[in-house]
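Let me begin by presenting the structure, written as structure tokens, before commenting on it.
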Amino acid sequence: MTVFAQRVYRQLKTVPMGRVTTYKALAESLNSRAYQAVGQALRHNPDAPNIPCHRVVASNGGLGGFNGQRTGKQLEKKIRLLKSEGVKVVENKIKNFKDVFWRF
DNA sequence: CATACCGTCCAAT
DNA sequence: ATTGGACGGTATG
């Protein structure tokens, strides 16, 4: 893996339960604007169970995508997981987004 | 080295 | 709500 990706995962692991972050915030916390690179890194998902990629959402409050899909059954499972962590999701979007948003 | 891809973002329409 | 361009980094050959 690359250094960049390692940093992404490291930051991601610092996000506590019930909180989410965005690709943008993540990238910026790494002193970079590579939002897409973050997404790509997560997509390759080298350490899936250990990395809470479901806590990463789009800046508009949308869920973004998961496991290479923006929609699908897998996604719904992740939504359920988020809900079980205290994050409310409605219509594939985060509710009270600014409340659960994690600022690094 | 060059090209294509990306789970995005933002501004303009 | 939709489009179209932009940017940084990785993947692949």
Side-chain angles (χ1 to χ4, degrees):
Chain A
M1 275 285 108
T2 63
V3 193
F4 179 79
Q6 304 265 4
R7 288 182 186 161
V8 172
Y9 309 138
R10 187 166 170 206
Q11 288 285 38
L12 196 47
K13 285 182 196 167
T14 71
V15 179
M17 286 197 340
R19 283 300 186 46
V20 296
T21 187
T22 69
Y23 297 97
K24 184 185 176 186
L26 206 44
E28 285 187 345
S29 76
L30 302 173
N31 210 28
S32 171
R33 298 177 192 172
Y35 332 107
Q36 297 194 325
V38 173
Q40 193 171 179
L42 289 178
R43 180 180 195 234
H44 296 147
N45 216 339
D47 202 351
N50 200 16
I51 296 172
C53 37
H54 55 270
R55 294 192 192 138
V56 184
V57 299
S59 59
N60 61 334
L63 288 178
F66 290 100
N67 295 327
Q69 306 186 172
R70 276 193 288 234
T71 61
K73 244 182 175 175
Q74 296 280 349
L75 181 57
E76 294 183 22
K77 276 195 145 186
K78 306 287 179 177
I79 292 177
R80 227 169 51 197
L81 183 51
L82 280 173
K83 284 186 177 177
S84 70
E85 291 183 355
V87 180
K88 293 159 192 172
V89 181
V90 177
E91 307 261 324
N92 280 17
K93 280 162 196 165
I94 304 288
K95 195 167 185 181
N96 301 334
F97 177 54
K98 73 173 195 179
D99 290 336
V100 294
F101 179 72
W102 177 255
R103 297 166 183 80
F104 289 103

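Chain naming here is simple, since letters A, B, ... match the order of the sequence lines and numbering starts at 1 in each.
- Side-chain atoms of A:Asn60 and A:Phe97, non-hydrogen and from C-beta on, never get closer than 4.5 Å to each other.
- Atom CD of A:Gln11 is separated from atom P of C:dG9 by 15 Å (rounded to the nearest Å).
- For residues 68-92 of chain A, there are no ring pair (Phe, Tyr, Trp, His ring centres under 6.0 Å) pairs, not counting sequence neighbours.
- Residue pairs meeting the salt bridge (charged side-chain N to carboxylate O under 4.0 Å, His left out) criterion with at least one partner in residues 86-97 of chain A, sequence neighbours excluded, do not occur; the list is empty.
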Could you pull out the protein-nucleic contacts involving nucleotides 1-4 of chain C (nitrogen or oxygen on both sides, under 3.5 Å)?
none

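- Between A:Gln6 atom CD and C:dG9 atom P the separation is 16 Å, expressed in whole Å.
- The number of heavy-atom neighbours closer than 6.0 Å to CD of A:Gln74, taken from other residues, nucleotides and ligands shown, is 12 or below.
- Stem regions annotated for DNA chain B: B:1-6 with C:8-13, B:8-13 with C:1-6, counting only runs of 3 or more consecutive pairs of Watson-Crick or G-U type with both contacts under 3.5 Å.
- Each of A:Asp99, A:Asn96, A:Ile94 was checked for a side-chain contact (heavy atoms from CB on, under 4.5 Å) with A:Val87, and the lone residue meeting it is A:Ile94.
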Just the table, please: protein N/O against nucleotides 9-12 of chain B N/O, every pair under 3.5 Å.
{"from": "B:dC9", "atom 1": "OP1", "to": "A:Ser59", "atom 2": "N", "distance (Å)": "2.9"}
{"from": "B:dC9", "atom 1": "OP1", "to": "A:Ser59", "atom 2": "OG", "distance (Å)": "3.2"}
{"from": "B:dC9", "atom 1": "OP2", "to": "A:Ser59", "atom 2": "N", "distance (Å)": "3.1"}
{"from": "B:dC9", "atom 1": "O5'", "to": "A:Ser59", "atom 2": "OG", "distance (Å)": "3.3"}
{"from": "B:dC10", "atom 1": "OP1", "to": "A:Lys24", "atom 2": "NZ", "distance (Å)": "2.4"}

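- The side-chain hydrogen bond (donor to acceptor under 3.5 Å, both in side chains) test applied to A:Gln40 returns no partner, not counting sequence neighbours.
- Applying the salt bridge (charged side-chain N to carboxylate O under 4.0 Å, His left out) test to pairs two or more places apart or on separate chains, those with a residue in residues 39-55 of chain A are A:Arg55-A:Glu85.
- Between the CD atom of A:Gln36 and the P atom of C:dG8 there is a distance of 11 Å, rounded to whole Å.
- Atom CG in A:Leu82 sits 12.0 Å away from atom CZ in A:Arg80 (nearest 0.5 Å).
- Sorted by first and then second residue, the ring pair (Phe, Tyr, Trp, His ring centres under 6.0 Å) pairs with a member in residues 61-84 of chain A form an empty list; sequence neighbours excluded.
- Taking OG1 of A:Thr14 as the start and CZ of A:Phe104 as the end, the distance is 5.0 Å to the nearest 0.5 Å.
- Each ring pair (Phe, Tyr, Trp, His ring centres under 6.0 Å) pair with one or both residues in residues 21-53 of chain A, not counting sequence neighbours, would appear here, but there are none.
- Residues from residues 37-45 of chain A that place a heavy atom under 4.0 Å from any atom of DNA chain C, listed by number: A:Ala37, A:Gln40, A:His44.
- One distance of note links OH of A:Tyr9 with CG of A:Leu26; it measures 10.5 Å at 0.5 Å rounding.
- No side-chain heavy atom of A:Val15 sits under 4.5 Å from any side-chain heavy atom of A:Val20.
- Here C:dC7 presents its P atom at 20 Å from CG of A:Leu30, a figure rounded to the nearest Å.
- For the atom pair A:Leu12 CG and A:Asn50 CG, the distance stands at 10.0 Å (nearest 0.5 Å).
- The shortest distance between the side-chain N/O atoms of A:Thr2 and the OP1/OP2 oxygens of C:dG9 is not below 4.0 Å.
- If you measure from atom CD of A:Glu28 to atom P of C:dG9, you get 13 Å, rounded to the nearest angstrom.
- Applying the salt bridge (charged side-chain N to carboxylate O under 4.0 Å, His left out) test to every pair with at least one member in residues 59-78 of chain A, sequence neighbours left out, gives no pairs at all.
- For DNA chain C, no neighbouring residue in residues 61-80 of chain A is found when judged by any heavy atom under 4.0 Å.
- In this structure, A:Tyr9 places its OH atom 15 Å from P of C:dG9, rounding to the nearest Å.
- Within a 6.0 Å radius of CZ in A:Arg7, other residues, nucleotides and ligands contribute 12 heavy atoms or fewer.
- Per the geometry, CZ belonging to A:Arg33 stands 21 Å off P belonging to C:dG5, to the nearest Å.
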